[in-house]
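Data first, discussion second: the structure below is written as structure tokens.
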Amino acid sequence: MPCALSEYGYISAKLKARISTFLSEEALEKVVQAKSLQEAFLPLRGTYLQIAESRYAATGDLKAVEADLASLEFEAYSFSISQVPEPASSFIRAKAREAEIDLVKGALRLWFDAHARGRVIDDRTGYLYKGRALGSVDLGDLVNAPTPADAAAALSSSPYAPIVSKLLPQAVAAGSVFEMESSLDMEYFENLFQALARLPLRDRKVAERFVGIDVDIHNITNLIRLRSFNGIASDRTGRYLIDFGTAIPASTLSRAYESDDLSGLAAAVLGVRGNAMEAGWDSKDSKARLSSLERMLRRIRLVEARKCLAGYPFSIGIVLAYLSLLSEQLCSVRAILNAKYFGLADERLRSFL
Amino acid sequence: MMFTVPMEFLSAAILSKDAQAVSDELLRIGSLDAVTMKSVSGIKEGSYAPGSQAATGKSVEISRIQDLRRRVEGFLTLANPPIQPSNPADFSSETLPDLEVIEKNLGSIALEIQNLREGQKELQDKLLRLEELRRQAEAQKPRDSVTRLPSSASSVLAYRRGSVPEENSSRFERELGALAAVTIPAQVASGGRMSMMIVTMKRDESRVQALLSRYGWKEGQEELSPAGTGSEALKEIDARRQRIRAQIEDKAKEFDGLFSSRGRNLADMWASLRAAELSMRMRSTFVRTDSVSLLSGWIPAADRAKVEEGIRKACTGRCHIEWLAVGQAAPDGSEPPVEMKHSKALFPFQTLVTNFGIPRYGTIDPTGFVAIAYLSMFGLMFGDAGHGLVLLLVGALLLGRAKRRHSGDTLAKLILYCGGAAIVAGLLFGSFFGRPIVPALWFDYHGVVNGDPRSVGSVRNIYDILGITIKFGMAVLITGFVINWVNLIKSRRWKTLLFDKAGLAGGWVYLAGAWMAFYFVGHAYKALPPMGLLLPLLGVPTILLGFKEPIEYMERRKRGEARPMTIGTILGFLMEWLVGTLEVYSGYLANTLSFMRVAGLGIAHVSLMTAFSQIAAMASPEGGLSIAGILILVLGNALVIALEGLSAGIQALRLNYYEFFSRYFNGTGRAYKPISFKSAE
């Protein structure tokens with residue numbers, strides 16, 4: 001009978017070795033301090049992000065670099081899925097769908113821009129994901145589909161076709177893809193919770209902590225988007241929030257949203273630390289505060305990942321820690337490079353990290 | 001050199017107005033490991049704050065210069081091939097480079113690069129749009145010729161043939177080019193109109209329609225031939241892709257051109273910043289009164305005359321210089337720094353030593369011993385001339401690459417040496433890629449392991465090989481003892497020399513124990529030496545080991561650092577002695593037996609090669625070697641070289657660090673780091 005050591009021994013060692021190649025704080029700081037975009041790529045030389053530097057040197061195209069960084073994340077998921085046993089493998093596969101859905105959402109937004117808004121998208125279609133993560137789905141076909149029905153047909157080999165088929169026409173009519181994207185997210189989380197329930201107890205406990213934070217981040221992000229749509233009534237917010245055992249109850253979020261009581265929300269998320277953070281908030285803008293909260297949650301996820309790395313090594317925790325750390329680092333690198341491209345001041349950039 | 005390089009402490013008082021010249025001279029000589037003597041009485045502390053350019057009256061942060069220098073370094077590495085910086089020694093550090101101008105220059109280079117990148121991006125965008133068009137045109141090509149026209153409803157491409165007024169044609173083409181579209185104009189215009197075929201994406205239909213009506217597009221009457229339009233479009237797209245690729249290559253050349261025109265300027269910029277930075281660093285170690293500066297630091301004794309002459313020349317004799325002889329403590333109480341001087345060829349082994357720690361000043365430099373021990377161990381574990389040859393080639397290739405890239409070559413050299421050691425050992429054991437092609441100069445390792453030795457000699461079985469490695473280990477450990485004794489004698493630590501477990505008492509126990517063990521083995525594991533011999537041989541040194549703690553206690557007591565003696569103190573001595581003795585006996589036995597791993601890995605090497613030879617023979621039932629057999633041998637050899645090479649390298653290092661170094665190595669030294677124009681950082 002396989003034991004945790006035989007199941008996770010190799011992947012644990014392998015992923016820890018990979019984590020050791022991640023950019024250090026000092027290296028990341030060098031990227032932040034670079035005076036121009038070109039110089040920001042120099043500290044990436046000789047690191048696992050060398051591909052970004054080479055791509056930029058060859059094309060001068062930041063979007064192409066971002067596409068490469070996204071591929072790195074997909075490769076990390078594919079590798080993890082292939083190395084962990086069932087049912088952990090299914091859980092990682094379910095988690096990988098988050099990135100998959102992001103790609104589909106991106107392609108749907110392009111379709112929406114081109115077909116519903118009549119915008120030119122030719123400068124963006126070149127970066128559509130062309131790897132194997134989406135199976136036989138061709139995002140190019142989706143973007144070029146003349147009608148919503150054809151768009152849904154382009155996704156027919158994926159689990160997203162029914163949602164797109166039902167909600168894309170409504171999105172066109174309403175002039176917003178928010179509902180459809182929320183439904184795709186809901187589908188992702190439902191699938192994730194099912195995979196989570198199948199995990200053995202030790203793995204499930206570890207995974208629940210990560211999923212809880214992911215749910216919180218998702219809810220906060222959605223609240224930020226809801227703030228941007230003034231038209232959405234506060235009694236409808238509940239529909240877009242996810243209730244999950246270890247995270248902040250959706251009802252708490254809804255109430256906080258309705259009453260604008262963000263200090264209560266921060267306290268709920270961060271415990272006592274929430275009040276300290278509230279005291280440090282300069283901005284009175286609720287959207288800005290929600291963004292800070294989201295960043296705080298991302299930091300909590302990093303702390304959780306580091307705790308996992310320092311703890312018991314033969315569980316799914318190592319894999320989740322690796323994926324979280326990689327995702328966070330890639331997200332930071334993307335943010336820094338874009339900030340350099342747009343000439344954002346260092347201090348402003350740091351406030352986003 | 002057997003010992004670490006002897007150092008002398010320099011103190012020099014110079015006029016503050018000569019400080020810059022002296023600093024430059026010291027940087028040129030590059031021997032001063034500077035010490036800031038803040039506690040010297042009579043000197044105004046802090047009157048020359050580190051990092052400031054007080055002499056020029058400007059307060060410039062050294063960090064700003066460093067940042068700029070690093071920024072220039074980044075640009076130097078962007079060039080292909082990287083630009084070699086100029087020599088900082090050729091640049092005057094007296095006048096600070098104009099940082100504003102440098103920043104402006106760098107900013108303008110960054111801007112030029114950004115513009116080039118923007119140009120690249122534009123071309124890349126065009127290329128991507130054409131790639132998409134091509135993909136779609138290619139995807140529908142087979143269907144077109146059979147069932148539909150290319151502009152049929154299911155296609156995502158729209159094909160049109162028609163004309164625009166000749167004066168509008170170029171603007172029309174340009175604006176259409178901003179979309180994923182391609183225009184294929186006719187060779188000649190007729191009736192003031194330019195005929196053309198255009199291929200666009202249907203998703204851009206509204207934009208395309210707007211352009212068509214704006215530029216007076218008139219649809220052509222002729223029928224579009226399915227196969228014709230598709231292949232025509234593909235041909236045009238391919239031609240355009242080729243043109244864009246050529247333009248992208250031109251941009252790359254432009255990028256290289258940017259650096260070839262600015263290269264010298266950047267190289268000089270780097271050198272002037274570096275010179276200023278080093279000068280500020282050197283002068284930040286000086287302390288001064290209003291008119292006098294005091295500099296101090298460690299200098300290798302061999303450089304004393306050169307440094308003294310340099311200082312006197314720089315300040316035209318207006319100085320006072322004092323030297324503290326070797327062995328005297330520096331005024332600030334600092335230990336002399338450690339430099340190990342030996343042949344450059346031994347540098348990879350010095351790196352192995354310094355990775356573990358810096359030896360204490362004045363002790364034996366272990367580099368040479370480590371080189372001999374490491375290579376002997378590696379050879380014994382990886383004794384195959386063929387495999388050694390492969391390592392030698394790999395090392396040579398890596399060395400060549402390192403030289404081309406101006407990067408570190410320590411690992412390459414180490415692999416080269418290991419390859420050499422494996423070749424020598426392979427000749428001694430008569431092994432070439434696991435085959436007995438060459439006669440063994442010492443003994444037939446393969447034959448001994450496989451129970452069929454071809455050579456005649458004392459090594460007949462695996463136990464003999466184990467015996468060799470144990471004796472080898474003893475030689476290594478005894479060398480460690482001797483090095484330790486020499487170090488202790490040199491530093492006059494007599495008590496430690498006599499009573500420490502790595503001192504004479506410990507060595508006595510070890511040698512006596514070894515003799516006993518050989519006696520026992522020599523008597524077929526049936527007899528120990530007579531008791532009358534055992535007592536003086538082991539009893540006396542064991543008792544001597546117990547003297548160390550009480551003697552140290554007495555000394556502490558004399559200095560008033562220890563409490564009066566009680567029963568507890570005596571029991572403490574007893575416990576220390578008992579535990580120490582146990583540690584000595586079990587530790588030395590373990591240290592010696594640890595060397596059996598050398599035999600273990602050597603035997604594993606032979607066994608693996610034998611196994612692959614047998615598998616290859618099984619894959620060649622008709623005798624000789626079949627293709628499958630050759631493949632198995634090649635893969636087997638590659639696997640053994642990679643795995644065993646790595647294992648042997650790591651185990652040899654481990655034996656050096658934990659068995660050899662633990663006898664004598666004290667890694668409390670501080671590396672000698674002079675400030676020089678040649679300093680790496």
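Side chains included, hydrogens not; waters and symmetry mates left out as well; all remaining heavy atoms used. The chains referred to below are lettered A, B, ... by the order of the sequence lines, with proteins before strands, and numbering in each begins at 1.
- Put simply, CZ on B:Arg117 and CD on A:Gln38 are 4.0 Å apart, with the number rounded to the nearest 0.5 Å.
- Around the CZ atom of B:Arg401, the shell of radius 6.0 Å holds no more than 12 heavy atoms that belong to other residues, nucleotides or ligands.
- Residue contact with chain B, scored on non-hydrogen atoms closer than 4.5 Å, is absent for A:Phe41.
- B:Glu132 touches chain A through its side chain: at least one heavy atom from C-beta onward sits under 4.5 Å away, while N, CA, C and O do not.
- Contacts between B:Ala180 and chain A at a heavy-atom distance below 4.5 Å involve backbone atoms as well as side-chain atoms.
- The environment of B:Glu103 atom CD is dense: over 12 non-hydrogen atoms of other residues, nucleotides or ligands sit within 6.0 angstrom.
- For B:Ile248, the part sitting under 4.5 Å from any heavy atom of chain A is the side chain, from C-beta outward, and nothing else.
- The backbone N or O of A:Ala57 sits less than 3.5 Å from a side-chain atom of B:Gln120, completing a donor-acceptor pair.
- Surrounding NZ of A:Lys16 are more than 12 heavy atoms belonging to other residues, nucleotides or ligands, all under 6.0 Å away.
- Taken to the nearest 0.5 Å, the CE atom of B:Met201 stands 3.5 Å off from the CG atom of A:Asn144.
- The number of heavy atoms from other shown groups lying within 6.0 Å of NZ (A:Lys30) does not exceed 12.
- The CD1 atom of B:Ile109 sits 15.0 Å away from the NZ atom of A:Lys35 when rounded to the nearest 0.5 Å.
- The CG atom of A:Asp61 lies 9.5 Å from the CD atom of B:Glu118; values are rounded to the nearest 0.5 Å.
- Counting heavy atoms of neighbouring residues, nucleotides and ligands inside a 6.0 Å radius, atom NZ of A:Lys340 exceeds 12 of them.
- We find the NZ-CG distance between A:Lys63 and B:Leu128 to be 10.0 Å, quoted to the nearest 0.5 Å.
- Remark: A:Phe79 CZ is packed, more than 12 non-hydrogen atoms of other residues, nucleotides or ligands lying under 6.0 Å away.
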_side chain to side chain contact (heavy atoms under 4.5 Å, CB included) for A:Gln33 and B:Asp67? Distances and angles first, verdict last._
CA-CA 10 Å; A:Gln33 284 178 356; B:Asp67 285 348; 5.5 Å; no
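- In this structure, CZ on A:Arg45 lies 5.5 Å from CG on B:Leu78, to the nearest 0.5 angstrom.
- Under a cut-off of 6.0 angstrom, the local environment of CZ in B:Arg207 is sparse, with at most 12 non-hydrogen atoms contributed by other residues, nucleotides or ligands.
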